[in-house]
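Here's the structure we're looking at; comments come further down.
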Amino acid sequence: MMDQQGLSPESGTSAGTPRRAVVRSAAWSIPVIAAAVAAPQAAASGAGVDAAAWTDAEFLDGGPLARLAGGVVAGPTSGGQIPAGVLLTLTVDVTLARETAIAVSGVVVDPRLTLTSAVPQTMTGSESITLTATTLTPLAIGVPPATVSLTVGPSTAINEAHISAVISNVPGDADSSNDVSETGVGLL
């Protein structure tokens, strides 16, 4: 005789399934579940990562302020994530048309990065500046780039800006050809 849930009063299990068989099945299924949970964590630890440098340079409102940014992002073929501790080097060159120096009016650092170099107060047309930053937290595929953004100006004397982003220290990077990215912008 069985109750409403299909349990036999003698065995405490479904009809025809001994209690020991249920316990044996559970003991075998637990390691399989644990292995399935551990596999994605191992895959995300660095295997299949493609770290790509990302740059952007533009003149805001078509003139007086230039925004120069660079960062690091997980590549589109990445199977994992970019770990914490990735070094981003951002090199900025600005060519000035009429002035000898221009103010650096601000820097915005993504909260997932820490800036490890000082930001100069001015830039001249004969020098380039280099900023370094390190990732604080892992960056997963599909998230926006972690960036450092520099604002230069105001000045209408800016003629041209060039920016280069270089990333390094990425364990398991599948494609090092995209670890450097460059872009430029000119005042029209």
Side-chain angles (χ1 to χ4, degrees), residues 26-60 65-95 103-123 127-153 160-185:
W28 278 105
S29 65
I30 291 170
V32 172
I33 293 169
V37 170
Q41 292 172 347
S45 65
V49 167
D50 182 15
W54 176 87
T55 60
D56 184 36
E58 66 178 331
F59 289 99
L60 302 180
L65 294 179
R67 185 181 68 84
L68 312 166
V72 59
V73 64
T77 60
S78 174
Q81 61 188 7
I82 296 175
V86 171
L87 178 66
L88 165 69
T89 302
L90 185 65
T91 303
V92 180
D93 296 299
V94 174
T95 301
V104 175
S105 53
V107 61
V108 177
V109 182
D110 189 292
R112 297 167 293 173
L113 300 175
T114 181
L115 195 64
T116 55
S117 62
V119 179
Q121 293 183 343
T122 59
M123 292 183 69
E127 71 175 350
S128 65
I129 66 164
T130 300
L131 301 177
T132 55
T134 305
T135 55
L136 292 173
T137 59
L139 305 177
I141 187 169
V143 300
T147 63
V148 174
S149 182
L150 190 68
T151 303
V152 181
E160 181 181 331
H162 174 261
I163 183 171
S164 174
V166 182
I167 57 174
S168 60
N169 190 31
V170 186
D173 189 356
D175 181 7
S176 59
S177 68
N178 58 4
D179 291 357
V180 178
S181 181
E182 298 183 65
T183 191
V185 64

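Residue numbers count from 1 along this sequence. Keep in mind the model is a prediction, meaning the values are calculated, not measured.
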Practice task
Applying salt bridge (charged side-chain N to carboxylate O under 4.0 Å, His left out), name anything that partners Asp179, two or more places apart in sequence or on another chain.
Solution key: none

Fill in the blank from the handout: So OG1 of Thr55 and CD of Glu182: to nearest 0.5 Å the spacing works out to 8.0 Å

Handout entry: Ala161: side-chain contact (heavy atoms from CB on, under 4.5 Å) partners, not counting sequence neighbours
Key = Leu68, Val94, Val185

Practice task
For Asp173 and Ala51, indicate whether the former's side chain and the latter's backbone hold a donor-acceptor pair under 3.5 Å.
Solution key: yes

Problem - Between CG on residue Leu90 and OG on residue Ser149, distance to nearest 0.5 Å - result: 9.0 Å

Handout entry: By side-chain hydrogen bond (donor to acceptor under 3.5 Å, both in side chains) - contacts of Thr89 (at least two apart)
Key = none

Problem - By side-chain hydrogen bond (donor to acceptor under 3.5 Å, both in side chains) - contacts of Ser176 (at least two apart) - result: none

Exercise for the section: Please answer whether the main-chain N or O of Trp54 pairs with a side-chain N or O of Ser181 as donor and acceptor at a distance below 3.5 Å. Expected result: no

Exercise for the section: Keeping to residues at least two apart or across chains, list the salt bridge (Lys or Arg N to Asp or Glu O under 4.0 Å) pairs with something in residues 127-145. Expected result: none

Problem - Partners passing side-chain hydrogen bond (donor to acceptor under 3.5 Å, both in side chains) against Ser117 (at least two apart in sequence or in another chain) - result: none

Problem - Set of residues satisfying side-chain contact (heavy atoms from CB on, under 4.5 Å) with respect to Thr134, sequence neighbours excluded - result: Leu87, Thr114, Thr116

Run the side-chain donor-acceptor check on residues 163-171: report pairs under 3.5 Å with partners two or more places apart or on a different chain.
unit_1	atom_1	unit_2	atom_2	d
Asn169	ND2	Gly85	O	2.5

Fill in the blank from the handout: Here the gap from Gln81 atom CD to Leu139 atom CG, rounded to the nearest 0.5 Å, amounts to 8.0 Å

Fill in the blank from the handout: For Val119, the side-chain contact (heavy atoms from CB on, under 4.5 Å) test, sequence neighbours excluded, returns Val104, Val107, Leu115, Leu131, Leu150

Problem - For Asp93, all residues meeting salt bridge (charged side-chain N to carboxylate O under 4.0 Å, His left out), sequence neighbours excluded - result: none

Problem - Expected output: side-chain Arg112 to main-chain Ala84 donor-acceptor under 3.5 Å - result: no

Practice task
Scan for side chain to side chain donor-acceptor pair (under 3.5 Å) pairs involving residues 135-147, sequence neighbours excluded, and state none if there are none.
Solution key: none

Fill in the blank from the handout: Across all chains, not counting sequence neighbours, the side-chain contact (heavy atoms from CB on, under 4.5 Å) partners of Thr95 are Glu160

